[in-house]
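Before any comments, here is the structure.
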Amino acid sequence: MKETARFKIYKHISSLLLVAFTLIPFGILMVTSLRSSEDLGRKGPISLPDAIVWSNYPKAWDLGNFSTYFKNSMICMAATVTFVLVLALLGAYVLSFHEFFGKQVLISVIMLGVLIPFTQIMIPLFHTLKGMNLLNTLWAIILPQTAMQIPFSVFLMRGFMRDLPKSVIESARLDGANEVQTLFYIVTPLVRPALVALLIFTAVSSWNNFMLPTVMIQKDALRTVPVGLNYFKDQHFTNFPMMCAAANIIIVPILLVYLTFQQKMIQGMTVGSLKG
Amino acid sequence: MNRGRLTCGVLRKHMICYLLLAPTLLMFVIFVLVPAVQTVYISLTQWEGIGPKTWVGLSNYKTMLLGNAVYLTALRNTVVWTLVTMTVPVAIGLFQANLLVRGSLPHRLAKLYQLIYFLPQVISTVVAAIAWKFIYDPVMGPLNDVLRVVGMNQYANIGWLGNPKTVMTALCVVNVWIHSGFCCVVFAAAMQGIDKELYDAAMVDGATRSDQFWRITLPGIRESMTTVLVLTMMWSFKVFDIIWTMTKGGPGQHSYVFAIYAYVQGFSYNRLGLSAAITVSLTLIAMVFSKAFTTIRERGRY
C-alpha cells in the first residue's frame, strides 16, 4: 500500500511516543542514581546533575544485603527450575501416553490448580511449612513455588507431547526401552523447544516471585531479590538517588540476560498464551 | 499391541503410572490442593493462627459482606483494576503490534521497538514501583515538576499516591506501563500468522488501512485476543505485587484489592478466618469468570 507522507509522520511519531512512555521511567532511574541528594533537591528531578556521582551504587550495595539476596534468588531459581522441569516431564508423559485408572479425574484436579490463586493457599501453607520446620528456610520458597507451577507446566508439556506421533513411543517400547528411558531419551529431545520455553518461563516467574517470599520469609539473610529490594525501598525511601541506584543494581543483570536471549525470552514469557 | 501388554499386567502397568506420577502429584497435593481446601474450612472458623479453631459457620462471610465498607472498596478496586487492565493495555498492545507488523517499519527497527515495549514485563515489579513512586512523589517527583512547567499548577501539589481520589488511577497507569508490552508481543505473533494474500486482495479491492485492520487483522487474531483477555483477567483478580509495593493498600484502605485485604487480615491482624473468607470469595469469582469466558470461547469456535 502506498504511504502518504501524513501516514508516515503519524506512524513514526506514535511509535516514538510509545517508546518514550516505556523508557522514561528507566531514564529517570538512571539519571537520578548518578546525582547526589543535594543536587536533586536543588535542581529538581528534571535536570541533569552538575557532576556525575557514582557513590550511590557502593552505598546502596553496602547498606542492602544485595549479594545475599542475589545468592538466595539464584538458589531458589535453580532449584525450582530443576524440580519443575523434571516433575512436568514425568507428569505430562504419564498423562499423555498412558491409560490408567482415574486418569481423567486426576487431569481435571490438576487443571483446577491453574485457577487457584496464591492467596487461596497462603494461610494453611504457612502453617504446613511451620509444622515441617521449613519456615524461614529457602525450602519455604522452593517447594510451594514448584508445586504452584505444576498445573500450568503439566498442561503445557502435555499439549506438546500429545502432538508427537504415537509410533515413536511404540517403537521405543518395541526396542525394549523402559518408561524412564523412553521419557528421557526419546520424548524429551522431541519436546526440547517447549522445554526451553518452560525453563525460561519458570526461571523468570521464580526470579520475580514476590508474594510467596513476602509471606514465608522474615529473616533478612533469606530474602530474595524482589523482597530484599522492597525492604530496602521501605527503609531508605527518602534517599531517592540511592534507591534508584539500588533499582539499577537489580536491573543490570536482568537486562544483560534479556539482551542476550531476547527472542527466546519473549517467547518463553508469553508461552502460555501462544499455546493456549 | 498395547492391549496384549495390558492383559498380562494391568495392575503392574497402573502401578508404574502412579509411581511415575507420584512425585508430581505429591507436591501438588501437599502444597496446593490440601491448603486450598483447608482455606475453605478455615473460612468457617475463628482462628488466630495458634490454638484451636472455633467453628463459627458462615459468620466470617457475614462480617465480610454485611455493611463492610472495606470489602466493598476492595471489590470495587479489583473490578476497576480488572476492567482497566482488560481494555487499555490491550488496546495499546493492539496498536503497537499493528504498527510493528503492518506498519512497514524497517525490520530491525520493528525488532528494537518490540524489545523495548516488552522491557517492563521483564524487570521485577519492585523496580517498577521504585521508579513510579519517585515519579509520583509530591515533593521530589518529576510528574509534578512537569505539570508546573506546563502551567497546571493547581494539579502539581497532589501526592498522586497519597490522595484517595487519584491513587487507583495512578496505579492503573503503572499497570498499563507494565502490561502493554505483553499484549503487544502476543498480538504481534498472531498477526504474523495471518495470510498476507488477504491484505493484497483487500488492497486490490480498494480497502483502506482501517478497513484492513477491522476486517482482516482483528478477526485474524481472535484466538489470541481471547487468551490475552482471559490471562489478563486472571492476573488482575489476584493482583498484589504492584499495589503492595507502591501503596500497601493505602492511603487508609483506598487502594485495597482482594489479595491485599486477605493478606493484611491474615498476617497483620491474625484474623485468619476472615482472611480465608475473603480469599475464598476471590477464588470463586475468578473461577466463575474464567469458566464463563472459556465457555464463550469454545462456542465462538464454531
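Throughout, protein chains are lettered first and strands after them, A, B, ... in sequence-line order, and every chain is numbered starting at 1. Only this structure's heavy atoms are used, side chains among them; waters, hydrogens and symmetry mates stay out.
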Please rank [options] by heavy-atom pairs under 4.5 Å with chain A and give me the top one.
options	value
Tyr113(B), Trp132(B), Phe118(B), Tyr18(B)	Phe118(B)
Ala129(B), Pro120(B), Gly49(B), Ala276(B)	Gly49(B)
Ala36(B), Ser275(B), Gly266(B)	Ala36(B)
Trp177(B), Trp47(B), Tyr199(B)	Trp177(B)
Ile30(B), Asp137(B), Val40(B), Asp200(B)	Asp137(B)

Show, in sequence, the C-alpha distance, side-chain angles and deciding distance for Lys248(B) and Asp234(A), and conclude whether the side chain to side chain contact (heavy atoms under 4.5 Å, CB included) test is met.
CA-CA 11 Å; Lys248(B) 289 202 156 65; Asp234(A) 291 343; 2.8 Å; yes
Does any heavy atom of chain A fall under 4.5 Å from the side chain of [X], the backbone, both, or neither of them?
X	value
Met140(B)	both
Ala286(B)	neither
Tyr263(B)	both
Leu112(B)	neither
Leu282(B)	side chain
Val146(B)	both
Phe240(B)	side chain
Met246(B)	backbone
Phe267(B)	side chain
Ile42(B)	side chain
Leu26(B)	neither
Lys111(B)	side chain
Phe95(B)	side chain
Leu119(B)	both

Check ion pair Glu170(A)-Lys166(A) (N to O, under 4.0 angstrom)
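Between Lys166(A) and Glu170(A) there is no salt bridge, as every charged N stays at least 4.0 Å from the carboxylate O atoms.
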Between Val180(A) and chain B, which part of the residue has a heavy atom less than 4.5 Å away: side chain, backbone, both or neither?
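Contact with chain B is through the side chain of Val180(A) alone.
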Asn209(A) vs Ser206(A), test: side-chain hydrogen bond (donor to acceptor under 3.5 Å, both in side chains). Steps then yes/no.
CA-CA 5 Å; Asn209(A) 197 350; Ser206(A) 160; over 6 Å; no
Tyr69(A)/Phe232(A) aromatic ring centres below 6.0 Å:
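Here the rings of Phe232(A) and Tyr69(A) have centres that are no less than 6.0 Å from each other.
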Using the six-membered ring wherever Trp is involved, compare the ring planes of Phe237(A) and Phe240(A) and label them parallel, tilted or perpendicular (cut-offs 30° and 60°).
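Taking Phe240(A) first and then Phe237(A), their aromatic rings stand perpendicular (interplane angle over 60°).
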Give the ring-plane orientation class for Phe100(A) versus His14(B), where under 30° counts as parallel, over 60° as perpendicular and anything between as tilted.
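If you compare the ring of Phe100(A) with that of His14(B), the planes turn out perpendicular.
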Counting neighbours of CZ on Phe289(B) that are heavy atoms of other residues, nucleotides or ligands and sit closer than 6.0 Å, is the number greater than 12?
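12 or below, so no.
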